[in-house]
Amino acid sequence: MQSTCAEIQVSQYERILEISIHRPERKNALTMDMYSAMAELLREASENPEVRVVIVTGTKGVFTSGNDLADFLGGSASGEESPVFQFMRALYDFPKPVIAAVSGYAVGIGTTMLLHCDLSIADDDAVFQMPFVNLGLCPEYASSYLLPRIMGHAKASELLLLGKKFDAQTAANVNICNEVVYAGEALERAREYAREVATKAPEAVRLTKKLLRQGTYASGLEFISEEAGHFQNRLQSGEFREAATAFMEKRPADFSKFS
Ligand code: COA
């Protein structure tokens with residue numbers, strides 16, 4: 001299988017498809033082309049009998065810093081027709097196990113996509129953050145629905161309202177990731193698990209994934225859509241413009257004039 005975008009790299013071995021986000025000079029920030037390429041790979045992999053498991057990873061020291069903020073400022077759509085939504089939908093619908101290997105920063109969708117993976121392994125120096133409120137935005141990818149269910153309301157409120165960075169051990173404690181390994185070992189551990197899953201009975205694996213998701217994820221799609229509508233409106237807001245401009249100008253955002 002081949003990627004349509006140089007910044008999304010793929011390798012295929014032992015019935016495993018490994019998708020690597022590769023834009024290190026921008027901390028692997030995701031552009032529309034990158035989302036499209038990942039969505040296409042997932043759609044193709046779902047039909048391809050030579051793929052039984054997918055690994056999603058980044059580069060050494062960074063998983064992804066989330067959506068490219070310049071893209072958002074430039075008015076790239078995040079509605080249901082957009083590549084972002086296409087990617088979210090492709091991962092949400094993906095019928096085979098997806099294993100994430102997180103090294104370094106996993107910000108925004110870098111954290112929320114883990115909620116839609118089946119196993120997530122993190123290097124012990126990985127750093128997670130869902131800074132939506134800090135950016136004048138709102139939660140996405142059904143995170144406002146899934147987080148309270150997997151970690152309880154109090155912890156979900158803390159992570160979403162304060163938007164602070166948190167470490168790998170915290171991510172494991174609140175069930176965002178399965179396992180924390182020494183720095184630099186997450187990808188190798190993910191490959192070990194992928195090899196193990198790839199040798200199991202494929203139909204039994206797919207059915208188990210489907211059954212596991214049936215309860216918690218049943219309403220997920222409605223939430224993804226509802227959040228996407230709000231998110232799209234927030235991107236047009238003065239609050240977001242101030243936050244994203246402040247990031248580009250390397251200064252703190254000033255929300256004092258907003259009511
Ligand atoms: N969108 C666009 N550019 C980004 C980016 C993003 N999401 N994340 C990083 N970059 C750019 C930086 O602007 C910087 O560009 P420059 O070299 O022209 O100054 C470059 O990538 C390196 O990033 P930098 O911030 O210097 O790295 P760092 O190691 O100090 O911090 C992060 C890493 C991930 C903590 C920080 O870059 C960050 O907070 N990024 C924004 C995350 C975000 O808000 N994502 C959107 C969520 S919806």
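Whatever order the structure lists ligands and atoms in, that order sets their numbers, starting from 1.
- One N or O on the side chain of T64 and one on the backbone of G66 form a donor-acceptor pair closer than 3.5 Å.
- A search for side-chain hydrogen bond (donor to acceptor under 3.5 Å, both in side chains) contacts involving E14 returns R195, not counting sequence neighbours.
- Annotation: salt bridge (Lys or Arg N to Asp or Glu O under 4.0 Å) contacts involving residues 84-97, sequence neighbours excluded, comprise R89-D93.
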Would you mind writing out a table of all protein N or O atoms found under 3.5 Å from any N or O atom of ligand 1, naming both atoms and giving the distance to 0.1 Å?
| residue | atom | partner | partner atom | Å |
| --- | --- | --- | --- | --- |
| ligand 1 | 1 (N) | L69 | N | 2.8 |
| ligand 1 | 7 (N) | S65 | O | 3.3 |
| ligand 1 | 7 (N) | S65 | OG | 3.4 |
| ligand 1 | 7 (N) | N67 | O | 3.0 |
| ligand 1 | 8 (N) | S65 | OG | 3.0 |
| ligand 1 | 15 (O) | R26 | NH1 | 3.1 |
| ligand 1 | 18 (O) | R26 | NH1 | 3.4 |
| ligand 1 | 19 (O) | K250 | NZ | 2.7 |
| ligand 1 | 29 (O) | K27 | NZ | 3.3 |
| ligand 1 | 45 (N) | S65 | O | 2.8 |

List the atom pairs, donor and acceptor, that lie under 3.5 Å between side-chain atoms in residues 31-39 and the rest of the protein, sequence neighbours left out.
| residue | atom | partner | partner atom | Å |
| --- | --- | --- | --- | --- |
| T31 | OG1 | M34 | N | 3.3 |
| Y35 | OH | N67 | OD1 | 2.9 |
| S36 | OG | M32 | O | 3.2 |

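- Residues E18 and R191 are paired through a salt bridge, judged by an N-O separation under 4.0 Å between the basic side chain and the carboxylate.
- Residues D68 and R26 are not paired through a salt bridge, judged by the lack of any N-O separation under 4.0 Å between the basic side chain and the carboxylate.
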